[in-house]
Amino acid sequence: MSDFTLKAPQGANKKRRIVGRGSSSGRGTTAGRGNKGQQSRSGGKVYVGFEGGQMPLYRRIAHRGFSNASFKKEYAILNLSELEAKYSDGETVDQASLVFKGLLKKNLDGVKILGNGEITKKLNVVVDKISASAKEKIEKVGGTVKVATSAEESK
């Protein structure tokens, strides 16, 4: 015999409700389905999106045309405060070093640096986009900023 007994907490195991077994069972006659109508009958169901005979939303809306959503670029956003914490003086900030330092988790379309926070170290920043305030702060402490433009954007 073991030193402990495993037991489900109270209320975890409920008895299954038996319906439609006569009026004395408490769930007889209509068996909890209400009176009359489509839902009270066996096999009486409506499809997903049914609106009671009204023209359903999926048929009212046009399904033609062009969407630019598939061409959207998603950039990883980083602040100067994050670079200040992870990088030492004179290092290069690029996509490979950001992944190595754990600042980038997944591969997106590029990296954008924002100017939130202060920076005291000279960093060589090579990213896809940078805000004007971040560029100003980096260059103010003697760092360099290079915006890498892809061949696709230059067209």
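Worth knowing before you read on, the calculation uses all heavy atoms, side chains too, and leaves out hydrogens, waters and symmetry mates. The structure presented is a predicted model; accordingly, all values stated were derived computationally and were not measured.
- In terms of heavy-atom proximity, Tyr58 sits nearest to His63 at O-NE2, 3.0 Å.
- The environment of NZ in Lys121 is crowded: more than 12 heavy-atom neighbours from other residues, nucleotides or ligands sit within 6.0 Å.
- For Thr92 (side chain) and Val126 (main-chain N/O), no donor-acceptor pair under 3.5 Å exists by modelled atom type.
- Remark: Gln39 CD to Arg33 CZ distance equals 8.5 Å, nearest 0.5 Å.
- Shortest non-hydrogen contact noted between Pro56 and Gly49 is CB-O, 3.6 Å.
- Separating the CZ atom in Arg21 from the OG1 atom in Thr29 is a distance of 13.5 Å, to the nearest 0.5 Å.
- For Gly102 against Lys105, the heavy-atom pair with the smallest separation is O-NZ, 2.6 Å.
- Within 6.0 Å of CD on Glu136 lie no more than 12 heavy atoms contributed by other residues, nucleotides or ligands.
- Within 6.0 Å of CZ in Arg17 there are 12 or fewer heavy atoms belonging to other residues, nucleotides or ligands.
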Exercise. Show the numbers, then the answer: is there a side-chain contact (heavy atoms from CB on, under 4.5 Å) between Arg59 and Glu51?
Key: CA-CA 11 Å; Arg59 288 190 60 198; Glu51 296 185 21; over 6 Å; no

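- Of all non-hydrogen atoms in Ser81 and Gly117, the two that sit nearest each other are CB-CA, 4.1 Å.
- Contact check on Lys101 versus Glu91 returns a salt bridge, with a Lys/Arg side-chain nitrogen under 4.0 Å from an Asp/Glu carboxylate oxygen.
- In this structure, Glu84 contributes its side chain and Thr120 its backbone to a donor-acceptor pair below 3.5 Å.
- The two residues Leu108 and Glu74 come nearest to each other via the heavy atoms CB-O, 3.3 Å.
- Minimum heavy-atom separation, Lys72 to Asp109: O-OD2, 3.7 Å.
- At a threshold of 4.5 Å between non-hydrogen side-chain atoms, the residues Lys73 and Lys129 do not count as touching.
- At a threshold of 4.5 Å between non-hydrogen side-chain atoms, the residues Arg27 and Ile18 do not count as touching.
- Applying the ring pair (Phe, Tyr, Trp, His ring centres under 6.0 Å) rule to Tyr47 yields the partners Phe50; only residues at least two apart in sequence or on another chain are considered.
- Under a 3.5 Å cut-off, the side chain of Asn79 and the backbone N or O of Glu82 do not form any donor-acceptor pair.
- Annotation for Leu80: hydrophobic cluster partners, listed by chain and number, are Leu78, Leu83, Tyr87, Val93, Leu98, Val99, Leu103, Leu104, Val111, Ile113, Ile119, Leu123, Val125, Val127, Ile130, Ile138, Val141, Val145, Val147 (ILVMFWY side-chain heavy atoms under 4.5 Å, direct or chained).
- Residues that satisfy the ring pair (Phe, Tyr, Trp, His ring centres under 6.0 Å) test with Phe4, not counting sequence neighbours, are absent from this structure.
- Going from atom OG of Ser133 over to atom CG of Leu114 covers 7.5 Å, rounded to the nearest 0.5 Å.
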